[in-house]
Every structure is written in structure tokens, then in C-alpha cells.
Amino acid sequence: MKVICLYFPDKMRDYKLKDLAEIFYRYTPQIAVHGELALFLEISKCERLYPLDSMVRIIKKIMRQVQLNPRMAWAEDPSTALSLCVYQKKIKEDLPLEALPFYLNPFVKDEVQGQHLEKMRASFARLGVHTLRDFLSLPVSSLSSRFGRLGLYLHEQVSRPQKVWPFFVPEDKVIEKLSFQDDWHMGNLEVLTFYLKTLLDRVVLRLKGRGEEAKSIQVIFRQEKFSTIKNPDYSIDVSFSMPQLSTKAILALIKEKVEHALHHQPLQGIVESLSFEVKESIPLLTRQKDIFNPKKEEHEEAFGTLLARLSLKLGEKSVFQAQIKESHLPEKTWRRCLPQTQVVNPPSYATERPLRMLQRPEKINACQGQIFIFNKSLQVESLSHREVILSEWWNGFEERIYFRAKTTTGEQLWLFQSRLGVFLHGYFD
Amino acid sequence: MYVELLSKTNFSFLTGASHPDELMTEAAKLGLKGLGINDVNGMYGVARAYKAQREFTDFRMLVGCEFTLSDGLPLVCLAQSRKGYGDLCRLLSISHAGKPKGLASLSFQEFCAFLENSHDVIVLKRIVHTQDQDFDKQVGVLKDIFKKNFYLVLTRYLDGFDKVRSHKAKTYQQRFSVPIVASNDVYYHVKQRKALQDVLISIREKKTLDEAGGKLFSNAERHIKSFSKMQKLFADEPKSLDLTLDIASSCHFSLTELKYRYPSEWIPQGHTAQSYLEHLIWKNVPTFYPHELPAPVKSQLLHELQMISELGYADYFLTIYDIVEFAKKKQILCQGRGSAANSILCFILGITAINPIDMNLLFERFISSERNEPPDIDVDFEHERREEVIQYIYQKYGRDRAAMVSAVITYRYRSAFREVCKAFGVPVGTLSAKKVEREFDELIKGFEKPEELKTQIADIASQIQGFPRHLSIHSGGFTLSADPILEIVPVEPARMEGRSIIQWDKYDLDTLGLLKVDVLSLGMLSALRKTLDLVGKKLYEIPSDDPKTYKMIQNRETVGVFQIESRAQMQMLGRLLPENFYDLVIEVAIVRPGPIVGQMIHPYLKRRRGLRKFLSPTKNLIGFLEKPKAFLCIKSIT
């Protein structure tokens, strides 16, 4: 077993260690938290993917991102790792006897046994036993006669620690909050961007850890309670047409939305805190990282952001990504899809289709070589490229006989004849 | 005029959407000169198509098949002669060998190597619109090997690629000097079958209709088209239509040429099959009639021998005799049943145990020159030892001359309904066909226009009813031949390990006049064998007129007695009160769906008790009708 321990000596404001633990969920599923004191990551099972040195680098990078500076140590067991962190030693044997409570249970502080331990430690001090090295050199039989079961247990745990890890369950919702120490009045949007980014970094890291992408985020400004403010929570919902997982992309989208909302309905009072809540998320579609073409991923990400921004402005129904779908009916050869859906090659059974196709076939009048389209009369010069389509009869579609009609004015129209008449379906350029 | 060279029957499983007879009838109706039947990897549908074709004059059937290639597009072959047909059958058997049931494929090289020296096969390759690098190479090789017997098929599917294919056809024609022949590549006889075909493909692909996408054809043009329609379609290529007639006239093979010869090497020298049969009969007669042969028996024997001689069935009787003799030698209990019991010849040969003269049975029910049907002798063997008999047949005739007959498993309405439901996306899950039908309204609750959907599904399911689904092993049918069976019909592996089956079922064999030997298994014979061993008696030592036994039967004490142990039979026994063996025959025959539904039981019982008289239409029939009390539909079970 190999355990990394992150020890947080200072109490964290606006941060729960359990939330922070979620960030590491993608690296190792074996995570444990000791109250608000320490975080344990068991890395021996994922060591082939993330060796110790790279794991340490990753942790340091993440800690920089979330602006935290914990102490870090690694050992063969959680008790030793925590003790090394707390007492800032390099070797287990150099640890002082004060570390013994961590060997009792590294995940939870045991108050009752702690008192007994304190007595035991005092006895040892009187006997000149100060470090774990000294403790381990004591004969086991003398421990049992002096300290009973607890003494024996401790000796066993220090020499061969064996602990059952608690089961880690992530929070139901991803909520991140930032309280302002000094009352902050919404005046400068650039400053707001700074705060938003700080929070978003945390949200994104947690989502990545959970293997999810954000589909909808709620931004809440909690205002100071005054009698004039009916609802101190000023919330803005931002939903994305495409799920997002990039701080940069989400920040741009949220910033636009927040600016727009604040412009139309400014805040009424001093902001006490700012929080983000992920209202809707979807599982992240994982795939192999393209190490030879990193720009492709960046391009795809930028494209996704563009789509999301467009849909925020134009409405979700107007902007979407499409994918080829196998169907003989021309109007049914595509469907909406998620941005990272695999690209489908055009099917070989379909022949050339017009560049501009009408969303729905338009019924037109045709009579003796003349066709009437949108109150315009056109003379058909020739009909070619006959194609018969009878598909999706189970959805009520009937046989269509398609032609490419060339008009005297040079237009090339895609028409079809069915039992219901003549229809225009597209224009060839 | 024109001949459609490419067509698939519904024996191209879950691909073709018309029965063979529908295709033949439609082609003849449209005035076509002929129709080529080429099912995928088999000769499955040709026998049935041949049966339909015989109804029409001046209409030909071209026998062929389509080979699936592992490294290229499928190739269609047509047999020009009996030799060509034999070659195709052999190659089909090779393509199936060693593959899981229902699968077959060859490499292009294997195909060419096998047919390289066959000059009696027409090879057709469809021109496709897609790019295929191997296509050019293969066309060159095929042209070199088959020379004038190789054609490229140009199709006009009206799918938007007709021009592409036409352009390719011209290029190949110029480059390789390969003649182009027109075809509509038929999958169903009429346009209306498009819906059915789409559903079949969905079932085959295990996808719903919505998901099937490009697997389905884009239109309903793959039906048999009249000459005038084809003329319009191929107005720029009239020669390609004329060429179909040339090909058809060069293919002079017909299934009538499948002259069937029974293996006869074991018949002693100096004997023909007929003379040897007669020799055996007269040799066996004293066993049954030690003193004097009664005149009626003699005249019946002579009559039967005469008819067998006329119809040429002596070999068949000898084969059955040989198998029965083997079983007797090995002390395997066996018994001929069915209409064979009507023959005194079968009795004398020891195939059946009932003397038809004593029972007043009609020989013409077994063989009749008017009916022109081959005889069918069903012989039951002990179920635990039937395998010994099967192995004996394989050993005696060799695996290349003996093969088991297949049974075509067809869709029943209920199973078809379930499959069609799946194609339409109805969530049937693991529900049984019966439950799907029962809970259908519940299953389609969320669908738009449920009534319309119900009609559509029911309509297509009723069309699929009777469609072949796959081949299975017949319960015991063997076909034997003096010539290699592989040259008569392709053989393919069955699901059961070590078993292979021919691609035709018993009806196909009947159509083609090929004889089948039934080696059936019966559990009751095993039980009898063990019982006889226990009591230390022979079967013939058990009397058929033991009064105590009949008393027990009349008292319905028949639990565990073969044929008369069911509740329905026991109920009838109390009313019919059988007194002799013939009464038991009546008993077994009358408790069947036909007589029950036909309300014959009460009238029969009344006539039997003399409460009602029966009238014979003519005096001549009185003797014949008296015993069954004028109920001719009663099936005699002996």
C-alpha cells in the first residue's frame, strides 16, 4: 500500500475537505478524509497510470489551482503518512510518541482512547521512551502487562499497520461558495471575473473528478439582509446547449450572462458571498487523448464553446450540432447529437443531394412544363437524374419519384412527384 | 423478349420476400421467357420453383445460386448442364463445410480454382456503384477463366446511381470485352412485398426498421418487371436484354435430369433389383404360410410386385429390407408403420407386422400409379439404439452417398408476430410470443396511432407466416444414392455435431421423385424391448386376441399403454368397448382432431351399436365400407 496524505494545519474557509477529495476521484477511488484535518489518497492501485512522482506533481498543481498549501507526505500506511505530515519528519521511527493516536485510527479522532493514550505517553516519557523507534524496541510482553490490550494493539499497529478504509461517497451536488471577508459591492466586473474564475476552477476540478460535464450552472449572489431587500439571493441560471468542462469556456459564458443580467437588474446591496451550484450535469464521454494532435482537441473545445455561446444568444433550438443518420429519406439523414459524438462517414447508398435543401418539402403547382414556386413561374427545360425513394413507409411516407429539373433561367431544382402532387425539396447550385 | 436471370426466393433466408412459386407464377404471368433462381449459398428454393414451373409451358427455370465471397462481392452462377449443376452443388457444399450452421463463404481464389475446369457454368457479376479496388482485378481473372461464360450484370434500381453503374459497365465492356447483361436483381415478385422485405432485413440485422437505415433498399424496384418496363429502363442498352435470352437458351439444364439411382452394388450378381426382391419374397413366403399360399394373398403379392416393377421402386424396398434386416441381426426392435402396413410385400419382408389381407387393408393407399407419389415407409427403431442404424447406413453407403434430409422450419403466425413487433420497435423484451400477442395493446400504449401499427404488424406477420426460417434435421429421413449425393444436392452441416443435411426437405424430394428412407426413433420400442427381455418372450409370441387384455382395455385400465393412455382415449374406450385388434385401430384413429371436429364420433358409435344404419352409395362399396361404418376419413393406424 502507498498512501499520500495532505495535511491542512490551518482551518479552511469556504472549503470542505470532502469537496476537495472529489477532485482526486478520477485518479484513485480509494480516498479517505480525517475531519477537516487531512486527506488520504491510496495510490498503489493506480501507480502504473500515475507513479508517485507524477502524482505528487499533479497534487501540487491542483493545490495551486485551488489556492491551498497543505503539507504533503507519503508512506506505506495512512497513520504514518499523517504522522509524517503533522510532525514533519522524514522517517517513521523518528516520529514522537504524540503520533500514537494516529495509529489508533488515522481517519477519526478517538476521544476515549485518546485519554488512555495520553496516560500511556506520560508513562513512556517517564521511562525515557520518546520516539516510535524506542516504542518498537520495547518487549511486547512488558507492554501487555503494563498497558493491557491497548498497548499490544498499538504495538501491532505501529509495527504492521492494518486499517480498513472508510467508504468514500461524493456529495450529491457540486456547490462551491466564496464568502467575502470585507463587504464587497458589485462595482467592478473585472474583479468579479477574478472571483468567478476562482470558484469555477474548483467546480470544474470537482466535475472532472466525478467524471461529469456541466449542463447547467446557477450563480447565486447572497446579499446582506436589509429590510429593503426582499430576497437576498440573487440567482442567475446559465444552461449550456452543449455540456461544458473548460473553465475558460464556462467563464466566458457565465460572464456574458452575468453581465447581461446585472445590466438589466442590478444588485441591491452588499454581496456577502458568491456561490456556484451545478444544477445539471451529464456523464463525461471519455476518450483516448490525442497526444499527436493536441490542437484538434483545442479546436473541438473551442467549437463546443462557440456553439454554447451561440445557443445562449440565439436560443437552444436554433443552434445545435448535427450528425449523419442512415436513412433513405433526404430530410431524415441527420439528427442532433452531442459535440463529442463519433464522426459518421457519409453512407455509400445515398446519391448526390442538393446543397440547399428545404426543411420540409414544399408543395408546388406544376403544369405543362411550368412550375410555380412562391408566386414565381419557371419553365422546366429538362428533367434528369430520376430516383425513386420509398422508405419509412412505417412512418407514413409514400413513394417519391425525384428529378433534377433544369429551368430556362438556369436554376436546378430538386423536385419529386408523389401521390399527393409535386413537391420542391431543394436547390442545386 | 427477356429472361430475368437473378432472383432470390424466401429460401435466401430473411432476404428474399417471395415464395418460389410466387416468383415463377408472376414471371410467367408477365410473359417472361424464364426466370433464374439463385438463392444465397444454396439450392434451397429450386425444387419448389421447379414444381411451380411445371405448371407453365414455354417457360424455363434457370437453376443457379449466389456465392458469398470472403474477399469480394457475391457471384451468381447458373448451371448450363447436369455437370455444371453438379459442380455448383459440390462447390456449395465446400462453401458450407466447416462453418457454423447457416454460414457459408469462399475466397475468390477458391471459387476460381474449383470452377476453372467447369465449362458448363455461367458466371454473373453485378456492377456496383461503390469503389472497389478488387473489382477490376476480379473481372480480369473471371474473364480469363470463364471466357464467354462470364457476364457483367447491369441493374437499373432507380436509386440515383444508375448512371454511375452504366458508365462503369461501358468502361468494363471496353477494357475487358465482357458482355453486359440486364437484370432487375429480383428479391420479391411484386412491389407490394417491399414492406415485408424491409421487415425481414430488420429481423436479420436484429435492428428496428428505424435503425436499419442503409441496410434496407431505398425503393421498391426489386420486383419482377415486364419486358416492356425493362425495355424502357434499358432503352440505351437493348442488347443487354437480348443477351438474357441467349444465356437462357445456353442453360439447358433442368431438374428433371436429376436421374436418381439407388445404390445397387450389394444386389447379388445375376439379379436385378426387381428379380432380387421377388427372390426374397418367395423365399420368405413359407415363413408366414408354411402349408399353402392362399389365393387372395398370392394374387395381392403378384399385384404389388407388378406395380413395384412398373414404377421402379424395387430398390427402395430392398433398401428398407436391408436396414430392417440389420436391426433384426443386432436385435434392435423395429417396426414399420403408416401406410406401408397396407402392403403384403412389406409384411412378407418383415418390415411390418400386420397382415393386410387379414385386416382388409387397401394397398393403393400405400402406392398408386394414379397418385404418382413415391412410397413412404416409416420404420421406427428403439430410440436408444437408432444411432447404430444411422451409423450402419453411413458405413454401408458412405457419407458421400447418404445424407440426412432437412426439415424446413417455417414461421408460425405467433412467432412471426413477435419478430415483426421487434422490427417495429415494440419493446417485447423477453416476453414469449404468446404473451406478446396477449399483451400487445399494453406494449404499444406509448406509440402514435396504435391501431394503425397493430394492423401493419398483423398484416406483415400474416405474410411472413409460412416463410422458411432455417433448416433443421429431419427426425430420421435419409436419402441414399448410387451417385455422389453432393452432385445432386448441396450438403451442409447441421447444428448437431457430426451431422450433415441436404438442402432439400421431404417435399422437395417428393417433387423431384427422389426417394427417402425414414429411420425414426420411438421410445416405446425401447420400453417394449426391455419388457420383452424381462418376460423372456418374443414380440410375435404375444397374441393379439387375448380376452383378458381386452377386458382391461374396456375397463379403461390403460395407464402407460402406448396410444391409448390419454384421458381422451380412456374416455372413448369405455364407450367404444374394443373387442378385437381392428376396434383398437378405430379407437386410435377416431380420437383425433379431424373426426372430433367433424362430429363423427357419435354417428360412428350409433352405427356400431346398430342404432343407426349406414347407406352405401353403390353396392360395390358395401364390403369396403362395412368395417369402418362408412367413415372413410378415419386414419388407419396399425
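Protein chains get the first letters and strands the later ones, always in sequence-line order, with residue 1 at the start of each.
Contact annotation for B:Asp210: both backbone and side-chain heavy atoms come within less than 4.5 Å of a heavy atom of chain A. Only the side chain of B:Ile460 comes within contact range of chain A, with at least one heavy atom under 4.5 Å from a heavy atom of that chain. Heavy atoms of B:Phe424 lying under 4.5 Å from chain A belong exclusively to its side chain.
Geometrically, B:Lys168 does not engage B:Phe161 in a cation-pi contact defined by less than 6.0 Å to the ring centre and at most 45° from the axis. No cation-pi contact links A:Arg400 to A:Phe423, judged by a cut-off of 6.0 Å to the six-membered ring centre and 45° from its axis. Cation-pi geometry between B:Arg204 and B:Phe13 is not satisfied (NZ or CZ under 6.0 Å from the ring centre, within 45° of the ring normal).
The candidate from B:Ala220, B:Ala195, B:Ala212 with the greatest count of non-hydrogen atom pairs under 4.5 Å with chain A is B:Ala195. The candidate from B:Leu453, B:Val164, B:Leu216 with the greatest count of non-hydrogen atom pairs under 4.5 Å with chain A is B:Leu216.
Defined by atom type and a distance below 3.5 Å, a donor-acceptor pair is missing between the side-chain atoms of A:Trp394 and B:Asp198.
Between A:Phe428 and A:Trp414, the ring-plane angle classifies as perpendicular under the 30° and 60° cut-offs.
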